[in-house]
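So the structure is just underneath, and the comments pick up after that.
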2 protein chains.
Amino acid sequence: MTRAQPGNHDDSHAVLQRIAGYRGAPPPGACPVRDVLDRVGQKWTLLILAGLETGPARFSALQRAVGDISKRMLTQTLRQLERDGLISREVFPTKPPSVEYALTPLGRSALAPIAALMDWAETHHDRIRDARAAYDAAEG
Amino acid sequence: MTRAQPGNHDDSHAVLQRIAGYRGAPPPGACPVRDVLDRVGQKWTLLILAGLETGPARFSALQRAVGDISKRMLTQTLRQLERDGLISREVFPTKPPSVEYALTPLGRSALAPIAALMDWAETHHDRIRDARAAYDAAEG
DNA sequence: CTGAATCCGACTTGATACTG
DNA sequence: CAGTATCAAGTCGGATTCAG
């Protein structure tokens, strides 16, 4: 594939530059980058994707896996991800109804770049912490 | 070190799984991943980083480059990025005061994983658009 | 069990006006 | 030029309650 290797500096620049062209473009959907990044930045999106990574899960199982998410937010985030085609939703008409969520191939393909970003975060978070401490000490 | 290769599927999983351990951990700074992702998800962060990518820029130049950002938000985002050590701020005591912002090495190192994510977004945004159209048509 | 609906507080963003 | 201060509006998220 011709996709940029995440570690490739030159390609990174080319991609970064591209978003500049979207400035001042209000219509939603005009900037897929903004679109995806906004979703990634949402509080629960990553936790849910992580929770589905090992396999399909039901609503309650997911809620337990994520931890302190409310049903409201779980439902909402799940809907968004489903709408974006990142996860699938299957209803089983059992006596107590159960619903199973699972990553789609598209959803699974998103894990790699997301993991890259999280990896960067883990690698550099101590440096960031230091920078914050220094900044706060200076102007706190 | 043993950092995951962003494109490596197996390692991606390992990294993803790691965030599950942070569930239910309220204290800020406890989860560097959440921390960084939240910042990335903010509306203007990426545009500003992109604007600084080609080199240092002054406040107004940056505002023009980004587009429709208000001074308030520009200042705020700039401060956060400075605090995190991703950008530097230098004041020149000229007659009309001027301030120049620039990416630090740390900030520059963040561009690669961010670009990887944006690359994914661009590669798959048509698929996402289709999924949304289908979803909206079905339950609109 | 899986959600939908409602209420409400907290945080985010923007517009505007003012300062050094 | 480069901000700061203030206010208004919108959004996000949680708790609670109700329904299929």
Side-chain angles (χ1 to χ4, degrees), chain A residues 23-26 28 31 34-35 37-48 51-52 56-83 87-102 135 138-140, chain B residues 23-26 28 31 34-35 37-48 51-52 56-83 87-102 135 138-140:
Chain A
R23 59 176 172 61
C31 180
R34 266 256 57 77
D35 231 48
L37 265 334
D38 283 351
R39 194 94 56 240
V40 168
Q42 288 188 321
K43 197 171 181 180
W44 303 109
T45 303
L46 293 187
L47 279 314
I48 289 176
L52 288 175
R58 297 218 315 283
F59 188 87
S60 305
L62 216 39
Q63 186 172 23
R64 254 174 288 114
V66 170
D68 55 352
I69 190 174
S70 65
K71 283 188 291 190
R72 186 199 191 310
M73 280 297 103
L74 182 56
T75 301
Q76 188 175 96
T77 310
L78 245 17
R79 286 284 182 278
Q80 287 181 337
L81 292 174
E82 184 195 358
R83 192 172 100 100
I87 66 175
S88 61
R89 176 176 181 272
E90 190 178 5
V91 180
F92 294 94
T94 53
K95 247 288 283 327
S98 71
V99 181
E100 215 175 65
Y101 295 91
Y135 183 94
E139 350 207 347
Chain B
R23 60 176 171 61
C31 179
R34 267 258 55 78
D35 229 49
L37 264 336
D38 284 351
R39 193 92 61 237
V40 168
Q42 288 189 317
K43 197 170 181 179
W44 302 110
T45 303
L46 293 186
L47 278 315
I48 290 176
L52 289 175
R58 297 216 314 282
F59 188 88
S60 304
L62 217 37
Q63 187 172 24
R64 252 174 288 113
V66 170
D68 55 353
I69 189 174
S70 66
K71 282 189 286 191
R72 185 191 187 324
M73 279 299 102
L74 182 56
T75 300
Q76 188 174 101
T77 310
L78 245 17
R79 287 283 182 280
Q80 287 181 337
L81 292 174
E82 185 195 357
R83 192 172 101 100
I87 67 176
S88 61
R89 176 175 179 273
E90 190 177 4
V91 180
F92 294 94
T94 53
K95 247 286 286 326
S98 72
V99 180
E100 215 174 65
Y101 294 90
Y135 183 94
E139 345 210 350

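Chain naming here is simple, since letters A, B, ... match the order of the sequence lines and numbering starts at 1 in each. Hydrogens, waters and symmetry mates play no part in the numbers below; they use all other heavy atoms, side chains included.
When the nucleotides dG14(C), dC1(D), dG14(D) are ranked by their closest atom to the side chain of Ser60(B), dC1(D) comes out on top. Of the candidate nucleotides dA2(D), dG3(C), dG14(D), dG14(D) has the atom lying nearest to any side-chain atom of Arg72(A). Residue Arg58(B) places its side chain closer to dC1(D) than to any other of dG3(C), dC1(D), dC18(C). For Pro96(A), taking side-chain heavy atoms from C-beta onward, the closest of the listed nucleotides dT13(C), dG13(D), dC1(C) is dC1(C). Considering only the side chain of Arg79(A), dG3(C) comes nearest among dG14(C), dG3(C), dG3(D). When distances run from any side-chain atom of Pro97(A) to the nucleotides dT13(C), dG14(D), dC1(C), the shortest one goes to dC1(C). If you check dT13(C), dA2(D), dG3(C) against the side chain of Met73(B), the one that comes closest is dT13(C).
Listed pair Lys43(B) / dG14(C) meets the phosphate criterion, a side-chain N or O lying under 4.0 Å from OP1 or OP2. At the phosphate of dA2(D), neither OP1 nor OP2 sits under 4.0 Å from any side-chain N or O atom of Arg64(B). Regarding contacts with the backbone of dA2(D), every side-chain N or O of Arg89(B) stays at 4.0 angstrom or more from both OP1 and OP2.
Residues Leu78(A) and Leu62(A) form a side-chain contact, since some pair of their non-hydrogen atoms from C-beta on lies under 4.5 Å apart. The side-chain heavy atoms of Gln80(A) and Arg39(A), taken from C-beta on, include a pair separated by under 4.5 Å. With a 4.5 Å cut-off on side-chain heavy atoms, Ile87(A) and Arg89(A) do not count as touching. When side chains are defined from C-beta on, Gln76(A) does not count as touching Trp44(A), because their heavy atoms never get closer than 4.5 Å.
Among the atoms of the strands shown, only primed sugar atoms or phosphate atoms (P, OP1, OP2) are found under 4.0 Å from some heavy atom of Tyr101(A). No contact: Lys95(A) has no heavy atom under 4.0 Å from any strand.
Atom CG in Leu78(A) sits about 7 Å away from atom P in dG3(C), given to the nearest Å. The nearest whole Å value for the distance from the CD1 atom in Ile69(A) to the P atom in dG3(C) is 13 Å. In this structure, Leu47(A) places its CG atom 14 Å from C1' of dG13(D), rounding to the nearest Å. Distance Leu74(B) CG to dT13(C) P: 13 Å, rounded to the nearest Å. Between Gln63(A) atom CD and dG14(D) atom P there is a gap of 11 Å when expressed in whole angstrom units. Rounded to an integer number of Å, the gap from CG of Leu62(B) to C1' of dC1(D) is 14 Å. As a whole-Å value, the separation of Phe92(B) CZ from dG20(C) P is 24 Å.
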Residues Ile48(B), Leu74(B); criterion side chain to side chain contact (heavy atoms under 4.5 Å, CB included); working and verdict: CA-CA 8 Å; Ile48(B) 290 176; Leu74(B) 182 56; 3.6 Å; yes
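Comparing Lys71(B) and Gln76(B) against DNA chain C, the residue whose closest nucleotide sits nearer the 5' end is Gln76(B).
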